[in-house]
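I have placed the structure first, in the form of structure tokens, so that the comments after it can refer back to it.
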There are 2 protein chains.
Amino acid sequence: MFATNNFVDRLMKPTDAELEILHVLWANGPSTVRQVHESLSQSRDIGYTTALKLMQIMHEKGLLSRDAESKSHTYTAAVSEEDTQRGLVDRFVETAFKGSASKLVMQVLGQHKASQQELEEIKQLLNQLNNEHN
Amino acid sequence: MFATNNFVDRLMKPTDAELEILHVLWANGPSTVRQVHESLSQSRDIGYTTALKLMQIMHEKGLLSRDAESKSHTYTAAVSEEDTQRGLVDRFVETAFKGSASKLVMQVLGQHKASQQELEEIKQLLNQLNNEHN
DNA sequence: AAACATATACGAATGATTTCGTAGATGCAA
DNA sequence: TTGCATCTACGAAATCATTCGTATATGTTT
């Protein structure tokens, strides 16, 4: 069953800037500050030391782990994409939709284009949920 | 078709505290600061002047309109629930899911319990979208 | 070893959000 | 009209997020 996960509550809420960095690490795997900075630079203006500072703070917070072997440290996401998004969704449903998850779903489906295949996947998941209901 | 709405971009992003107030006004209609404060007090600790200040700021920002006829002003939401949520969802899909709306939907459906009826509504919407695809 | 490129550490400015205290206005009641 | 309850206005503190400059360390190259 889709039990609500207890330890979700304990998850830190990453800020927007922190999420950007997590997305890079989730996509590219363990990276140096330079690599992350280069990736971020492609989508917006951001100084090298800004990226560095953010990643240092995230390390303090426990969002990233790091290997300080060589001169340039290697950082790794210490939280999974899945768990993080779960926590974010929880908060978002609460603050923006007063807890009504289905309203959120309706809003998203009406608002964003999804491919035929994506729609299929969603339908299958729905059927699954439907069965569990009976 | 479900065109993306231009003027969504121009919508102010309400903060969490501001959203709380908007929810009260959307639910109860035009209200005084006292009424809003009383409503908020039921779910959390908040000073009267805090609510007042927030509503004054929201008025400056154009999120609320107000009628200053009597001694106690009456405030009204100047943005609709629908439009506001559309803007919030846009931002959220972008920052938390890198633009993948369907991933968000899957995450939400797997995570939150929905009633049989809600699932039905969602399915119907899906079928509708499916037809438009062909 | 001296110079250079590149790293980290860290302080601090800035801006936004949230909070509340205090002062002063307003209207009603004694 | 004096006083009391209640309102608005406003200043300002506290916290957090983001940003970057400067100092210092480290490792490589000449």
Side-chain angles (χ1 to χ4, degrees), chain A residues 11-25 30-41 43-76 79 84 87-88 91-92 94-96, chain B residues 11-25 30-41 43-76 79 84 87-88 91-92 94-96:
Chain A
L11 278 181
M12 183 87 29
K13 182 193 180 185
T15 66
D16 284 356
E18 288 171 346
L19 259 182
E20 283 182 339
I21 288 173
L22 283 174
H23 275 300
V24 172
L25 292 175
S31 314
T32 63
V33 173
R34 179 145 305 278
Q35 290 170 324
V36 170
H37 175 251
E38 241 147 48
S39 180
L40 291 182
S41 292
S43 39
R44 72 175 179 102
D45 259 6
I46 180 174
Y48 175 84
T49 54
T50 301
L52 170 65
K53 179 71 163 185
L54 280 171
M55 291 172 75
Q56 285 171 339
I57 292 172
M58 290 171 77
H59 177 241
E60 281 171 22
K61 289 186 184 175
L63 286 173
L64 305 185
S65 63
R66 80 176 173 191
D67 172 9
E69 291 277 311
S70 59
K71 181 186 166 194
S72 53
H73 304 171
T74 296
Y75 288 82
T76 308
V79 293
T84 303
L88 290 172
R91 258 176 263 265
F92 185 67
E94 211 42 61
T95 62
Chain B
L11 278 181
M12 183 86 30
K13 181 193 180 183
T15 67
D16 284 356
E18 288 171 347
L19 257 182
E20 284 181 339
I21 288 173
L22 284 174
H23 275 301
V24 171
L25 293 175
S31 313
T32 63
V33 173
R34 179 144 306 277
Q35 290 169 323
V36 170
H37 174 251
E38 241 148 48
S39 180
L40 291 182
S41 293
S43 40
R44 72 174 180 103
D45 258 7
I46 178 174
Y48 175 83
T49 53
T50 302
L52 170 66
K53 179 71 164 185
L54 280 171
M55 292 171 76
Q56 285 172 338
I57 291 173
M58 290 171 77
H59 178 240
E60 280 172 22
K61 289 186 184 176
L63 288 172
L64 305 185
S65 63
R66 80 176 173 191
D67 172 9
E69 291 276 310
S70 59
K71 181 188 167 193
S72 55
H73 304 170
T74 295
Y75 288 83
T76 308
V79 293
T84 303
L88 290 172
R91 258 176 264 263
F92 185 67
E94 212 43 60
T95 62

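We name chains A, B, ... by the order of the sequence lines, and we start the count at 1 in each one. The structure presented is a predicted model; accordingly, all values stated were derived computationally and were not measured.
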**OP:** To the nearest Å, give me how far apart CD (A/Glu60) and P (C/dT8) are.
**Re:** 14 Å
Can you give me every donor-acceptor pair (side chain of residues 46-65 of chain B, partner residue at least two apart or in another chain, under 3.5 Å) with its distance?
from, atom 1, to, atom 2, distance (Å)
B/Lys61, NZ, B/Glu18, OE2, 2.8

**OP:** Look up atom CD in B/Glu20 and atom CG in B/Leu22, then write down how far apart they are to the nearest 0.5 Å.
**Re:** 10.5 Å
**OP:** Check side-chain contact (heavy atoms from CB on, under 4.5 Å) between B/Lys13 and all other residues, then give those that pass, not counting sequence neighbours.
**Re:** B/Leu88, B/Arg91
Original post:
Which pair of heavy atoms, one from A/Ala96 and one from B/Leu19, lies closest together, and at what distance?
Top reply: CA-CD1, 4.1 Å
Original post:
Would B/Val33 and B/Ser72 count as a side chain to side chain contact (heavy atoms under 4.5 Å, CB included) if you check the C-alpha gap in whole Å, the side-chain angles of each, and the deciding distance to 0.1 Å?
Top reply: CA-CA 8 Å; B/Val33 173; B/Ser72 55; over 6 Å; no
Subject >> Partner set under side-chain contact (heavy atoms from CB on, under 4.5 Å) for A/Asp16, not counting sequence neighbours >> reply: B/Thr95
Original post:
Hey, which of these two, A/Asp45 or B/Val33, hits DNA chain D nearer its 5' end, going by closest nucleotide?
Top reply: B/Val33
Original post:
Under 4.0 Å: is that the gap between some side-chain N or O of A/Arg34 and OP1 or OP2 of C/dA7?
Top reply: yes
Original post:
Short question: side chain of A/Glu38, backbone of A/Gln35 - any donor-acceptor pair under 3.5 Å?
Top reply: no
Tabulated below should be each protein N or O lying under 3.5 Å from an N or O of nucleotides 25-30 of chain C; please produce it.
from, atom 1, to, atom 2, distance (Å)
C/dT26, O2, B/Lys71, NZ, 3.4

Original post:
First and last nucleotide of DNA chain D touching chain A, 5' to 3', heavy-atom cut-off 4.0 Å?
Top reply: D/dA17 to D/dG27
**OP:** Please name all residues satisfying side-chain contact (heavy atoms from CB on, under 4.5 Å) with A/His73, sequence neighbours left out, ordered by chain then number.
**Re:** A/Arg66, A/Ala68, A/Tyr75
Original post:
Just to confirm, is there a sub-4.0 Å distance from OP1 or OP2 of C/dT18 to any side-chain nitrogen or oxygen of B/Thr15?
Top reply: yes
Subject >> Counterpart residues, side chain to side chain donor-acceptor pair (under 3.5 Å), relative to A/Ser41 (two or more places apart) >> reply: A/His37
**OP:** Answer yes or no: does a side-chain N or O of B/Lys61 lie under 4.0 Å from OP1 or OP2 of C/dT17?
**Re:** yes
Subject >> Interface with DNA chain D, restricted to residues 47-54 of chain B and to heavy atoms under 4.0 Å >> reply: B/Tyr48, B/Thr49, B/Leu52, B/Lys53
Subject >> Interatomic distance where CG belongs to B/Asp16 and C1' belongs to C/dT19 [whole Å] >> reply: 15 Å
**OP:** Report the distance from atom CE of A/Met55 to atom C1' of C/dT8, rounded to the nearest whole Å.
**Re:** 12 Å
**OP:** Nearest whole angstrom, please: distance from the P of C/dT8 to the CD of A/Gln35.
**Re:** 11 Å
